[in-house]
Amino acid sequence: MSPRIFFIGDSFTNGTGDPTSLGWVGRVCAQTMAHGKVLTVYNLGIRGDTTKLIHQRWQPEVRCRLAETAGAGFVFAFGANDVDLDDHTGQPRVSPTDSLTYAQTILSQAQKLGPVLMVESPPIAADSPAYERLVQLNQQFAALCHTLAIPYIPTCQSLFKNAVWMKEAIANDGAHPHAQGYVALADIILASGQWYPWLERLY
């Protein structure tokens, strides 16, 4: 039976803004399967989710989709919504300290079920202060993944310098690109040197 891969995250994981509905997850998996790998894929990205919300939901959502006869892998991508400011308090929706605590719990729990990979949150194109907060949070997540021996694929700063991603995101809603932006993100993941070695651990 083919391994099951769970992509767990927010709107970027969901592929929001992409008129093809593929996002980066669909493109990465299509390219992977074109190279002969058979996968069962679950996209569990929810628009607006913070690390707190993902912490609350991911295990029940995964549990009902697991199979005893197949390997399972977990790809997490989150952070952008944590640094978004709350309309009432003017503070980030999740504090950096809490974000890191939730992330550590999520990733540690997932490691007990199968190999884990983390894809760094893409940039928030039209909000410079939020982008700076996200860069700092991503650095903390990268350090956490290093400690936990979890492969980590950086994307944020490369995409911030990517003209296609930025143009599409700003023209759309300030955060989410259209199809070619997600193509750029998928290309970063596939060329990272992390994706295929991690994938081999599922077979």
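We count residues from 1, following the sequence as given.
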What are the two closest heavy atoms between [X] and [Y], and how far apart are they?
X: Gly73; Y: Leu202; result: CA-CD2, 3.6 Å
X: Phe12; Y: Pro123; result: CZ-O, 3.8 Å
X: Trp195; Y: Val75; result: CZ3-CG2, 4.1 Å
X: Ala179; Y: Thr20; result: CB-CG2, 4.2 Å
X: Thr13; Y: Gly9; result: OG1-CA, 3.5 Å
X: Thr40; Y: Ser2; result: OG1-OG, 2.8 Å

message = Set out, in order, the CA-CA distance, both residues' side-chain angles and the distance that settles side-chain contact (heavy atoms from CB on, under 4.5 Å) for Val62 and Ile8, then state yes or no.
response = CA-CA 9 Å; Val62 163; Ile8 305 164; 3.9 Å; yes

Would you say [Y] ends up clustered with [X] if hydrophobic residues are merged whenever their side chains have heavy atoms under 4.5 Å apart, either directly or through other cluster members?
X: Phe76; Y: Val25; value: no
X: Met118; Y: Val41; value: no
X: Tyr196; Y: Ile189; value: yes
X: Leu117; Y: Leu190; value: yes
X: Leu159; Y: Phe7; value: yes

query = Would you say the side-chain atoms of Arg65 pair up with the backbone N or O of Glu61, donor to acceptor, closer than 3.5 Å?
reply =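 Yes; judged by distance alone, with no hydrogens or angles, the pair exists.
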
query = With distance as the sole test, does Thr32 use its side chain to make a donor-acceptor pair with the main-chain N or O of Val28 at under 3.5 Å?
reply =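 Here the side-chain-to-backbone pair exists.
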
task = List for me each residue that meets ring pair (Phe, Tyr, Trp, His ring centres under 6.0 Å) alongside Phe6, sequence neighbours excluded, and say none if there are none.
result =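 Checked Phe6 against ring pair (Phe, Tyr, Trp, His ring centres under 6.0 Å); matches are Tyr42, Phe74.
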
Could you state the interatomic distance from [atom1] ([X]) to [atom2] ([Y]), rounded to the nearest 0.5 Å?
X: Ile54; Y: Thr105; atom1: CD1; atom2: OG1; answer: 13.0 Å
X: Ile5; Y: Leu199; atom1: CD1; atom2: CG; answer: 5.0 Å
X: Asp10; Y: Thr16; atom1: CG; atom2: OG1; answer: 8.5 Å
X: Ile188; Y: Trp24; atom1: CD1; atom2: CH2; answer: 11.5 Å
X: Gln59; Y: Leu66; atom1: CD; atom2: CG; answer: 10.0 Å

Flag side-chain contact, heavy atom, 4.5 Å: [X] against [Y]:
X: Leu85; Y: Arg133; value: yes
X: Asp98; Y: Lys52; value: no
X: Leu53; Y: Arg93; value: yes

ask   = Any salt bridge (charged side-chain N to carboxylate O under 4.0 Å, His left out) pairs touching residues 25-46, not counting sequence neighbours?
value =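 Of all non-adjacent pairs touching residues 25-46, those that pass salt bridge (charged side-chain N to carboxylate O under 4.0 Å, His left out) are Asp18-Arg27, Lys37-Glu200.
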
request  = For residues 174-195, pull every pair meeting salt bridge (charged side-chain N to carboxylate O under 4.0 Å, His left out), keeping only residues two or more places apart or in separate chains.
outcome  =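 Qualifying pairs, neighbours excluded: none.
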
task = Apply salt bridge (charged side-chain N to carboxylate O under 4.0 Å, His left out) to Asp49 and list each qualifying residue two or more places apart in sequence or on a separate chain.
result =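 Arg57.
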
ask   = Run the side-chain contact (heavy atoms from CB on, under 4.5 Å) check on Cys156 and Leu134 step by step: do they pass?
value = CA-CA 9 Å; Cys156 187; Leu134 182 58; 4.2 Å; yes

task = Would you mind listing the cluster partners of Val38? Hydrophobic ones only (ILVMFWY), side-chain contacts under 4.5 Å, chaining allowed.
result =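 Reading the cluster by chain and number, Val38 sits alone, since nothing else belongs.
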
query = Given a cutoff of under 4.5 Å between side-chain heavy atoms of I, L, V, M, F, W and Y, with clusters grown through shared members, what are the other residues clustered with Val164?
reply =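 Other cluster members: none.
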
Residue pairs passing the ring-ring contact (aromatic ring centres under 6.0 Å, His included) test where at least one lies in residues 92-128, sequence neighbours excluded =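 Every ring-ring contact (aromatic ring centres under 6.0 Å, His included) pair that includes a residue of residues 92-128, provided the two are not neighbours, is His55-Tyr102.
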
key: ring-ring contact (aromatic ring centres under 6.0 Å, His included) partners of residues 118-141, not counting sequence neighbours, each pair once   =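 Passing the test, one end in residues 118-141: Phe78-Phe141, Tyr131-Phe160.
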
key: Selection residues 76-86 - residue pairs positive for side-chain hydrogen bond (donor to acceptor under 3.5 Å, both in side chains), sequence neighbours left out   =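 Pairs touching residues 76-86 that pass the test: Thr51-Asp82, Asp82-Ser99.
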
request  = Using the side-chain hydrogen bond (donor to acceptor under 3.5 Å, both in side chains) rule, collect all pairs that involve residues 159-184, keeping only residues at least two apart or in two chains.
outcome  =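 Residue pairs with at least one partner in residues 159-184: Ser11-His176, Arg47-Asp173, Asp173-His176.
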
Gln104: side-chain hydrogen bond (donor to acceptor under 3.5 Å, both in side chains) partners, not counting sequence neighbours =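 Residues passing side-chain hydrogen bond (donor to acceptor under 3.5 Å, both in side chains) with Gln104: none at all.
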
Tabulate below the donor-acceptor pairs under 3.5 Å that side-chain atoms of residues 143-153 make, not counting sequence neighbours, or state none.
| residue | atom | partner | partner atom | Å |
| --- | --- | --- | --- | --- |
| Thr147 | OG1 | Ala143 | O | 3.1 |
| Tyr152 | OH | Glu120 | OE2 | 2.8 |
| Tyr152 | OH | Asn138 | O | 3.1 |

